[in-house]
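See structure below.
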Amino acid sequence: MKFREIINIIKDGFKGIARHFNMALAAIVSILSVLLILSTVLIIVLSVNKVVGDTKEKINEVKVFLLDGVDDEGIKDMEEKLKDIDEVKEVKFISKDEGLESMFEQWENKSYLLEEYKEDNPLPNAFKIHVNDIEKINDVAGEIKMMPGVEDVRYLSDEVIHLLKISKYMQIGGFGLIIALIFISIFLISNTIRLSISSRKKEIEIMKYVGATNGYITGPYVFEGIMIGLIAALIAMLCVKFGYSYVYDYLAGSKNGMLSDALVSPENIITDFSIIFVTLGVGIGMLGSISSLKKLLKV
């Protein structure tokens with residue numbers, strides 16, 4: 001295709017948008033609405049995943065309490081054995097004195113109640129363990145329980161199981177909802193673009209009659225679809241960048257600051273969302289134009 005033809009296609013595309021502004025505006029609003037709904041769903045899914053991920057980090061902990069008879073040599077030996085267990089990420093030894101000191105810090109104003117235990121510390125020596133995969137925490141805890149010198153092993157087993165189930169259901173549900181929304185949006189927006197192009201059926205028939213090629217006829221309409229999708233994507237990007245950022249900052253500065261902690265940060269999503277918006281907006285606009293022209297080009 002010659003450079004002059006490309007320039008003519010771009011000019012005709014802009015003229016088509018200007019002449020049929022109402023239909024173009026309807027298509028832009030349709031694509032924008034879908035992109036904003038999609039962004040809302042994505043933010044909810046990502047925020048839930050963030051909360052689940054943060055919670056996993058907090059409960060990804062196994063505490064191993066030792067028998068009083070385990071000496072320093074036995075503690076070192078056990079630490080090496082714990083590090084050799086598959087899926088064990090980190091092992092930290094906590095002496096009984098460190099454990100008592102930690103309790104003093106946690107109890108704060110009521111720490112005076114612990115004064116009597118400074119002379120006769122009843123706490124056992126312990127290890128704090130983190131695992132690589134929280135789904136393996138039950139297996140790791142079970143293996144540790146079998147070790148000699150271990151008095152007790154504590155971790156949030158039921159909470160881990162429930163959290164993993166919630167995480168799995170949310171990921172599957174969110175992914176399915178996003179895919180369904182994309183297909184529905186393609187169908188609705190294609191129909192909107194099809195109505196816009198169908199209103200110019202007479203123009204296409206005349207161009208075919210005077211000998212214009214399918215490529216020359218299709219070009220301006222495809223360019224229109226791309227521009228409509230791009231405009232909608234840019235508006236959606238601005239809405240997310242400024243609108244969502246405002247909501248996030250407002251919640252962060254309010255008494256409900258914990259809500260902002262649960263939400264995914266705008267800085268972490270704006271780049272990815274921009275790519276998604278442009279890809280979907282331009283892709284839907286272009287595909288909608290091409291699919292709508294197929295029938296009309298058979299005149």
Side-chain angles (χ1 to χ4, degrees), residues 17 21-60 134 162-193 224-289:
I17 293 175
F21 179 75
N22 289 338
M23 296 301 294
L25 181 61
I28 290 172
V29 171
S30 297
I31 296 177
L32 175 61
S33 300
V34 169
L35 292 179
L36 291 179
I37 294 172
L38 179 63
S39 66
T40 302
V41 173
L42 283 172
I43 288 172
I44 292 173
V45 172
L46 291 174
S47 296
V48 170
N49 286 339
K50 177 179 180 292
V51 171
V52 171
D54 292 344
T55 307
K56 279 183 178 180
E57 286 298 318
K58 292 177 181 178
I59 66 175
N60 178 16
I134 196 171
H162 292 315
L163 182 64
L164 292 175
K165 286 182 179 179
I166 293 172
S167 176
K168 182 179 179 180
Y169 293 147
M170 285 299 303
Q171 289 175 354
I172 294 174
F175 181 76
L177 185 60
I178 290 169
I179 295 299
L181 188 60
I182 290 174
F183 277 106
I184 292 172
S185 65
I186 291 174
F187 174 76
L188 293 176
I189 295 167
S190 294
N191 283 339
T192 304
I193 296 174
E224 281 184 44
I226 292 174
M227 288 302 301
I228 287 171
L230 185 60
I231 292 170
L234 291 175
I235 296 174
M237 287 162 54
L238 292 174
C239 289
V240 172
K241 181 175 177 59
F242 296 105
Y244 179 61
S245 296
Y246 173 80
V247 173
Y248 183 87
D249 293 338
Y250 174 79
L251 292 175
S254 69
K255 294 180 180 179
N256 297 320
M258 291 181 63
L259 287 176
S260 66
D261 293 336
L263 293 174
V264 63
S265 172
E267 290 77 14
N268 294 335
I269 64 172
I270 187 63
T271 301
D272 293 336
F273 273 37
S274 298
I275 296 171
I276 293 171
F277 287 162
V278 172
T279 302
L280 284 179
V282 172
I284 291 171
M286 184 173 63
L287 291 175
S289 297

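Because the structure is a prediction, the values reported are computed rather than measured. Every heavy atom of this structure was used, including side-chain atoms; hydrogens, water molecules and symmetry mates were not.
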Can you measure from [atom1] ([X]) to [atom2] ([Y]) and round to the nearest 0.5 angstrom?
X	Y	atom1	atom2	value
S33	L38	OG	CG	12.5 Å
C239	L32	SG	CG	5.5 Å
D272	F277	CG	CZ	11.0 Å
L280	I275	CG	CD1	11.5 Å
I231	I226	CD1	CD1	12.0 Å

*Backbone N or O of L36 within a donor-acceptor pair of the S39 side chain at under 3.5 Å?*
yes
Quick one: closest heavy-atom pair of [X] and [Y], and the distance?
X	Y	value
A232	I31	CB-CG2, 3.5 Å
F273	L46	CE1-CD1, 4.0 Å
I270	M237	CD1-O, 4.0 Å

*Should the ring pair Y244 and Y248 be called parallel, tilted or perpendicular, given that the plane angle runs from 0 to 90° and is split at 30 and 60?*
tilted
*Do the side chains of L42 and I276 get nearer than 4.5 Å, heavy atoms only?*
yes
